[in-house]
Structure formats: structure tokens, C-alpha cells
Amino acid sequence: MTHDEELLHIDQVIDRLDSRFPDLPRESIEQVVRSAHEHFATGKVRDFVPLLVERLAREKLQGLVPVVPVVPVEPEAAPKAGSEVIASEVAGAEVIARRRSWAGWLRGWYPDTRLPIAAAAPE
């Protein structure tokens, strides 16, 4: 890899990290990437320098981005196969929609699973 190719790859690293961290100013991203690139300046094998620079810069940039806590969401209980009404306030088209969504969810895990889709008559 020539020096010009390496600099081209470093510019592409800046572009990728800029799209990955849109909340950070581009100047900060460039500064972190250039600093990481200087870290590998004395290496003799240059083929993997852009990859190593991107990894090092990404780790540093992740430390600059504030972490938003993730709140776990508990899934709803699966409807019973023979039940006609899932909840007392849900009837008609909503029952069909909920059963279809659960059937699709189960098909994602078990491709051969087919749940009957039946509409409950409003009482």
C-alpha cells in the first residue's frame, strides 16, 4: 500500500466515523483519527494501518458519546392457541392484528409453525 492510498483510506475512515457519530463535530473526529494514525506512524507493515486506526479511533469516540441507558421491555404473553379473545377490551380487527403479529413472530423462530388466525366476534 502506497502512502497516497493509505491517506485515501484514512479519509474514508473519517467519513465512516462521521456518519456513525453524527452528534460529534467532524473536526473532533478528524483530530481523533489523525492522532490514531500518528500512533501507527512508525510501523513497518502498512497494509492494516487504516483498519487499526479505525478501531482505535472508534473506541476513543465511543468514550466521548454519552451513553443512554437502555430500558428493557418485557414482551407480552403469547396468546393461547384456542382462545378467542386475548383481552376483554380487544375485539374484532384488533384481535386479528395481534394474532397475526404473534404468528409472524413465532414463524421467525420456528419456520414450520402455523397458528390459526380467527376473528373473535364482539359480544
Should [X] and [Y] be counted in the same cluster of Ile, Leu, Val, Met, Phe, Trp and Tyr side chains packed under 4.5 Å apart?
| X | Y | answer |
| --- | --- | --- |
| Leu51 | Leu17 | no |
| Leu7 | Val13 | no |
| Leu8 | Phe48 | no |

Checklist entry - Where do Ile29 and Asp18 come nearest, in terms of heavy atoms and distance? => result CD1-CA, 3.6 Å
Checklist entry - Are any of the side-chain nitrogens in Asp11 or Arg34 under 4.0 Å away from the carboxylate oxygens of its partner? => result yes
Separation of [Y] [atom2] from [X] [atom1] (nearest 0.5 Å):
| X | Y | atom1 | atom2 | value |
| --- | --- | --- | --- | --- |
| Arg55 | Glu59 | CZ | CD | 8.5 Å |
| Ser35 | Leu56 | OG | CG | 7.5 Å |
| Met1 | Asp4 | CE | CG | 11.5 Å |
| Phe21 | Arg58 | CZ | CZ | 7.5 Å |
| Leu61 | Asp23 | CG | CG | 12.0 Å |
| Arg20 | Arg16 | CZ | CZ | 11.0 Å |

Checklist entry - Can you find a heavy atom in the side chain of Arg26 that is under 4.5 Å from one in the side chain of Asp15? => result yes
Item to check | Validation row: Pro50, Gln12 side chains within 4.5 angstrom (heavy atoms) | outcome: no
Item to check | No-hydrogen, no-angle side-chain donor-acceptor test under 3.5 Å, His37 and Glu6 | outcome: yes
